[in-house]
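Reviewing the structure listed below.
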Amino acid sequence: MSTAATADASSSGDTTEGSVRLLTLQSEDGEVFEVKETIATQSVTIKGMVDDDCATSTIPVCNVTGRTLAMVIEWWNKHEIGAVSNEKELKEWESQFDTIDDKSDRDDVYDLLMAANYLNIPTLLDCCTSAVAEAIKGKSTDEMREFFDIKSDFDEKEEDALRKENQWAFEN
Amino acid sequence: MEKEFLVDSDHTAVLYMYRDSEVSKTFISIKMKFRTLEKCMTCSIMSLPNQVNASIMTLPKDLLTNIFSRVASCFVDNLFNVQQSCKYLREIGNDDYVLQHACIDIVPYLPLSFMERCINNGNVEAFLTRGFQLLTLSSEEFRGLEFLKLLAQKEHAESTYLFGILLLYIPSCFTLFLKYSLIDLELFRQDKLQPLCACIFVRVRVCAYACVSKIICLVL
């Protein structure tokens, strides 16, 4: 799937393979990916470019690294219509994004969220958003700070006041 | 660094920033609505990631709002826990969109200030709760019904149904019923609503006609 960036990458652009058009995506760190147009248009952003005939040369995906873009393309491949016939299998495959207990998983999900947001991929955005939301649920404030590496910028007084104000929600 | 705007088919603008201005020449910016320009700029610039230290704090605001609304839709205590962790997250948790989706129906007692905020943000559960509270007070029935009516206008199926039932069967709502059934029948005619609401529509209409004919008979 991925080919290293070559000197003539920028001129490769609009290649045709059979009847399927290939789009060339270039990540921020210069990795070049060739993706079928039918797959890449799962991204609303790219679809817009294709519709407006702006996708004839290399498309720079500026703020997404090659590593993340590879994951995004894997997502596209799995979600192409007819790629995975079994709904259950797809859900199982998606579930790898659901748990973000490891630091590395978390970083991946943040990167994917950014990429999904930038490229406007609703399915991926939905999956990653719910992963983070699930991780937030059921954690106390202190657990949250540790888990997400958040530094508190409240002074003690403010925090006490806030806790007091929200106390009612914890009394059930 | 070059900046360029491109509007995709949904008319949502995407801001492309290129380090290499050569590349950008192929993306000649098209039809851009100036009204949305400023907004797009801020949100897109915010979403430029800091790849080195990705953390929940570096996520753009719209993503965090989305995440928080999901958290809040489970129950608000989760939202409060995350809000208490730092000032930035507290601010995002107070966003209108988050409060609109907050689930508040588990606690028996809800502080009035929080309730007001939820109502102001169009939170459906808050509307229903307030509607019921008012309905139980005999002097405030009218206002209670108004809340249900507002929800019905938002095509909230259950409320529309309830609204119809209340109009039909509560004696003190009789005059209101006459008023609404003659004027606001449109409420019950929404396509998206469940068949039940359609039933209500028919019944309300039948009753309305019956009442009108009775009144006419009396007058005559």
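Owing to the predicted nature of the structure, the values given are computational and were not obtained by experimental measurement. Note on naming: letters A, B, ... go to the chains in the order of the sequence lines (proteins, then strands), and numbering restarts at 1 for each one.
Counting non-hydrogen atoms of other residues, nucleotides and ligands closer than 6.0 Å to CZ of A/R145 gives a total above 12. Heavy-atom contacts from other residues, nucleotides or ligands closer than 6.0 Å to CD of A/Q96 number more than 12. Heavy-atom contacts from other residues, nucleotides or ligands closer than 6.0 Å to CD of A/E146 number 12 or fewer.
Of the inter-residue distances, the one linking A/N166 atom CG with B/N81 atom CG reads 9.0 Å to the nearest 0.5 angstrom. Within the model, atoms CD1 of B/I56 and CZ of A/R106 stand 9.5 Å from one another, a figure rounded to the nearest 0.5 Å. To the nearest 0.5 Å, atoms CZ (A/R163) and CD (B/Q83) are separated by 12.5 Å. Once rounded to the nearest 0.5 Å, the distance linking CH2 of A/W168 with CZ of B/F114 reads 4.5 Å. B/S85 contributes atom OG, which lies 7.0 Å from atom CZ of A/F154 (distance to the nearest 0.5 angstrom). In this structure, B/N66 CG and A/L125 CG are separated by 6.0 Å, a value rounded to the nearest 0.5 Å.
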Note to self: Does B/R70 form a side-chain contact (heavy atoms from CB on, under 4.5 Å) with A/S130? I'd like the steps, not just the answer.
What the structure shows: CA-CA 7 Å; B/R70 283 168 195 247; A/S130 72; 3.3 Å; yes
- Candidate pair A/L113 and B/I67, rule side-chain contact (heavy atoms from CB on, under 4.5 Å), full reasoning: CA-CA 11 Å; A/L113 263 173; B/I67 291 171; 4.2 Å; yes
- Query: What do the steps show when you test B/T58 against A/Y110 for side-chain contact (heavy atoms from CB on, under 4.5 Å), and what is the final call?
  - Reply: CA-CA 9 Å; B/T58 58; A/Y110 297 144; 5.8 Å; no
- Message: A/I150 vs B/Y88, test: side-chain contact (heavy atoms from CB on, under 4.5 Å). Steps then yes/no.
- Response: CA-CA 10 Å; A/I150 301 169; B/Y88 177 61; over 6 Å; no
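Ion pair B/R90/A/D153 not flagged as a salt bridge, since none of the NZ, NE, NH1 or NH2 atoms sits closer than 4.0 Å to an Asp/Glu carboxylate oxygen. Between A/E158 and B/K87 there is a salt bridge, with a side-chain nitrogen of the basic residue lying less than 4.0 Å from a carboxylate oxygen of the acidic one.
Residue B/L89 touches chain A through its side chain alone, counting heavy-atom pairs closer than 4.5 Å. With a threshold of 4.5 angstrom between heavy atoms, A/D160 does not approach chain B through any atom at all.
Side-chain contact check for B/V82 versus A/F148: every heavy-atom pair is 4.5 Å or farther apart. Under the 4.5 Å side-chain criterion, counting only non-hydrogen atoms from C-beta, A/N117 is in contact with B/D62.
Among A/A133, A/S152, A/C128, A/A115, the residue with the largest count of heavy-atom pairs under 4.5 Å with chain B is A/A133.
Heavy atoms only, all atoms of each residue included: B/Q84 and A/T141 are closest at OE1-OG1, 3.1 Å.
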